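The structure under discussion appears below in the form of structure tokens.
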Amino acid sequence: MISIERSLVTPRWQRIALPIASLFIASIIAGIVLAVSGHDPIGTYQQIYDASFTSAGALTATFVYATPLLFTGLAVALAFRMRVWNIGGEGQLYMGAVGASGVGLLLGGWPQPLLILMMMLGGGLAGLLWAMIPGLLRAYLRTNEILVSLMLNYVAGLFMYYLIYDSTSFWRDTTSASALVFPQGKDLLPAADWPGIAVGSFTMPFGFIAGGVFAVALLALIRFTRFGFEMRVMGDSSAAANYAGIRTRRTIVTVMALSGAMAGLGGASQIGDFGHVLDPRGLQQAGYGYTGIVVAALAMYNPLAVVIVSILIGALTNAGFALQGPTFPIGLVGTMEGIILFSVLGGEFLGRYRIRFGRAPEPAPSVDDEAGAEVAR
Amino acid sequence: MNVDVVVSVAVSAIAYGTPLVLAGLGELLAERSGVLNLGVEGMMLIGAVTAFFASQVLPGPGWAVLIAAIVAAAAAGAALALIHAFLSITVRVNQIVSGLALTIFAGTIGLSSYAGQVWGVGGQHGLHQLVKLDVLGLSGVPIVGPILFNQDAFVYASWGLVALVTYYLYHTRFGLYLRAVGESPRSADAMGINVSRYRYVHTIVGGAFAGLGGAYFTLAIAPIWTDGLTAGAGWIAIALVIFAFWRPGLLVVGAYLFGALSSLGFTLQANGVQLPSELFSSLPYVMTVVVLAVASTTMAQRRIGTPAALGVPYVREEG
């Protein structure tokens with residue numbers, strides 16, 4: 001007798017093979033989309049590869065996009081792994097940028113290491129507080145955090161616009177000549193620029209290194225601490241967590257807080273590493289928060305894998321903006337990201353089942369059913 | 001506030017609320033069958049760009065072009081919903097992630113933007129728009145005239161669809177079966193109802209409705225296509241389903257309330273009220289959060305309306 005059954009653990013090789021296979025399948029499907037719409041798939045892929053890795057300054061540019069994606073990817077990976085559906089990374093990143101630029105402007109005269117630390121604190125804290133709105137509502141009123149966190153993305157975006165375009169806020173430059181023509185934010189002092197590490201012509205952003213450290217710290221927290229264990233139990237089954245006496249409310253709030261802080265740090269890095277000024281339009285166009293979902297899913301919600309995947313998706317995003325034009329519509333980036341996500345989802349399914357020869361044993365307990373029921377709150 | 005302002009708020013509430021009614025009705029059908037589809041925003045955008053493109057290139061009299069454009073938008077929305085249906089019903093992946101994937105795939109920098117650029121409709125001005133009808137010659141009647149008797153055919157059709165869906169849900173055998181599938185797929189299966197088929201059909205029809213909602217943006221609200229022009233309407237539609245407690249009638253009330261909020265800023269500014277525009281623009285989003293929070297407190301007490309199997313894949317246990 002042959003039966004298809006659920007495998008409870010994903011073999012280690014599959015955790016690496018599945019994302020790679022998904023990427024491969026996605027590139028074939030995206031190639032078909034390209035061909036159908038009158039583009040040359042091979043030529044386009046070659047262009048993407050050159051624009052993201054080989055041409056002059058391309059690798060540095062790739063890391064400009066990879067750095068925020070590393071932070072938003074970590075934010076999503078942590079939350080989704082625990083089945084806390086924070087899709088407010090976008091807004092939390094905006095608030096992080098607001099917080100970090102505010103701190104940077106306020107403490108401009110401080111010594112650089114201290115100033116960088118304070119900007120990270122300011123950004124992380126702003127993202128954390130913004131994430132507390134959906135977090136507390138979810139924990140104490142069982143309000144759907146998906147919709148609340150998403151709605152707050154729009155609110156945060158409008159708040160940034162208000163600060164720069166529609167008020168004389170502390171963030172807005174009201175004195176320089178160009179600011180009189182078109183509203184813009186105040187430039188931060190040079191001490192607030194985070195120092196990248198230059199290797200030849202390539203510059204590794206400070207934020208990316210910091211993000212890598214956070215990735216390791218998060219992995220250690222999840223794997224080796226009591227709290228991480230409680231989070232994992234909750235992620236696998238909230239009923240089991242309740243029986244085990246785990247305080248699920250506190251756990252949800254903490255997961256949301258950490259997730260929001262990560263996204264907020266991404267916003268801080270936008271200010272410290274790259275922008276040095278609060279630029280609502282640029283942040284909103286980039287959409288790093290949403291792309292973080294793609295990064296986390298492709299990394300199978302593993303913080304360390306997020307580091308690598310953020311470079312890959314950063315490369316794709318970089319190519320999208322670099323090549324943007326009539327021959328390379330920007331919409332291609334989201335289309336390809338969507339196809340990658342679909343492939344990962346399909347691949348996860350294949351990894352969850354195995355074909356067994358012989359008598360079927362007792363059916364494995366289903367974790368997904370209960371997880372799904374949580375959606376229906 | 002004088003009567004004119006109230007009437008103009010009501011009129012624009014219907015204009016901005018109509019896409020929410022349609023997309024919300026579609027999501028309601030999908031969720032009643034137990035499928036949560038977070039891809040509404042993406043399906044609306046695809047519907048919007050497809051309808052606009054079709055209305056620009058198709059030959060023929062205006063009314064025929066518009067009908068064809070609307071059908072095309074519904075088909076495009078349905079096609080996208082099919083992806084989600086396949087992944088969440090057949091492959092049984094996590095419905096939240098699959099729906100998010102759909103919105104990223106089709107969203108602001110996704111397929112809808114790509115299609116808009118490939119079709120070259122970006123800077124164009126719409127050739128055909130839905131016109132306001134003068135129903136029974138009553139559009140001139142004060143107050144109720146402009147609100148009830150001076151809408152376009154799409155608005156009247158949406159009212160018809162709401163009535164139809166209400167009748168379908170509560171007064172037909174299929175509606176009863178649909179609710180059974182959403183509440184207890186196992187019992188429905190035991191009754192001989194094909195759970196997967198019900199879920200597929202309602203998810204896909206839901207997608208078609210979202211496509212229609214998107215079409216209303218480009219065929220009636222403004223005769224242009226820009227990337228991401230729905231600006232979160234799809235997400236508000238999903239929220240509306242929750243605080244309408246999965247009931248079509250309440251959904252309409254909520255949709256027009258949000259339509260009014262969306263247009264309140266323009267109306268007040270036109271009447272000389274000086275407040276930051278961002279404050280008005282953020283109203284629909286802030287209100288969604290507030291209403292969701294309030295709805296969740298009462299719902300936690302009464303568990304009203306939520307289909308019990310929402311978001312849960314159905315696995316039939318064989319022998």
Side-chain angles (χ1 to χ4, degrees), chain A residues 33 37-39 80 85 87 133-134 137 141-144 146-148 150-155 158-159 161-162 165-167 285 287 290-291 293-294 297 320 326 329-342 344-346 348-349 363 366 368-377, chain B residues 34 36 38 42 83 87 91-98 100-118 227 231-232 235-236 238-239 242 276-279 281-282 284-286 288-289 292-297 299-300 306-313 315 317:
Chain A
V33 173
S37 57
H39 293 88
F80 278 30
W85 306 104
I87 43 178
I133 303 173
L137 284 173
L141 294 179
R142 299 173 69 78
T143 309
N144 185 314
I146 302 174
L147 293 166
V148 173
L150 190 108
M151 289 295 136
L152 291 177
N153 291 344
Y154 292 97
V155 178
L158 288 162
F159 178 63
Y161 269 85
Y162 173 73
Y165 296 102
D166 231 358
S167 68
Q285 269 169 1
Y290 298 115
T291 313
I293 298 169
V294 185
I330 189 69
L332 212 48
V333 174
T335 307
M336 290 178 79
E337 286 170 357
I339 294 172
I340 290 172
L341 263 179
F342 291 140
V344 174
L345 285 171
E348 248 178 70
F349 163 77
S366 164
D368 253 23
D369 289 3
E370 196 213 334
E374 239 178 274
V375 177
R377 281 186 309 274
Chain B
L36 175 75
L38 296 182
I83 302 175
L87 283 173
V91 185
R92 299 198 288 265
V93 304
N94 183 300
Q95 296 183 7
I96 294 176
V97 185
S98 168
L100 289 173
L102 192 58
T103 284
I104 290 170
F105 172 67
T108 308
I109 59 158
L111 193 63
S112 62
S113 157
Y114 186 45
Q117 197 149 358
V118 169
D227 289 356
W235 294 102
I236 293 180
I238 297 171
I242 296 180
S277 65
E278 288 84 2
L279 197 66
S281 308
S282 62
Y285 310 116
V286 174
T288 306
V289 172
L292 274 175
V294 172
S296 59
T297 53
M299 211 162 59
T306 318
L310 180 59
V312 186
V315 190
E317 275 163 24

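Keep in mind the model is a prediction, meaning the values are calculated, not measured. Within every chain, numbering begins at 1; the chains are lettered A, B, ... in the order of the sequence lines, protein sequences first and strands thereafter.
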### Task
Name the region of B:T288, side chain, backbone, both or neither, that has any atom closer than 4.5 Å to a heavy atom of chain A.
side chain

## Note on the structure
One option among A:V33, A:L137, A:L150, A:V333 has the most heavy-atom pairs under 4.5 Å with chain B, and it is A:L150

### Task
Measure distances from B:L292 to the heavy atoms of chain A and classify the residue's part below 4.5 Å as side chain, backbone, both or neither.
both

### Message
Less than 4.5 Å to any heavy atom of chain A: does that hold for the side chain of B:T103, its backbone, both, or neither?
### Response
neither

### Query
With chain B, which of A:Y161, A:Y162, A:F342, A:Y290 has the greatest number of heavy-atom pairs at distances under 4.5 Å?
A:F342

### Query
Side chain, backbone, both or neither: which part of A:I330 has a non-hydrogen atom closer than 4.5 Å to chain B?
both

### Query
Tell me, side chain or backbone of A:L332 under 4.5 Å from chain B's heavy atoms, or both, or neither?
both

#### Entry: Pairwise side-chain contact, B:Q117 with A:S37, heavy-atom cut-off 4.5 Å (strictly under)
no

### Message
So for B:E278, is it side chain, backbone, both, or neither that comes closer than 4.5 Å to the heavy atoms of chain A?
### Response
both

### Part of A:I87 within contact of chain B (heavy atom distance under 4.5 Å)
side chain

### Query
Which is it for B:V91 and A:L345 under the side-chain contact (heavy atoms from CB on, under 4.5 Å) test, yes or no, and what are the steps along the way?
CA-CA 9 Å; B:V91 185; A:L345 285 171; over 6 Å; no

### Query
With side chains defined as the heavy atoms from C-beta onward, is the minimum distance between A:L158 and B:Y285 less than 4.5 Å?
yes

### Region of B:A115 that comes under 4.5 Å of a non-hydrogen atom in chain A
neither

### Task
Evaluate the ring planes of A:W85 and A:F80, with Trp represented by its six-membered ring, and classify them as parallel (under 30°), tilted (30 to 60°) or perpendicular (over 60°).
perpendicular

### Task
Return the option, out of A:I340, A:V148, A:D166, with the maximum number of heavy-atom pairs under 4.5 Å with chain B.
A:D166

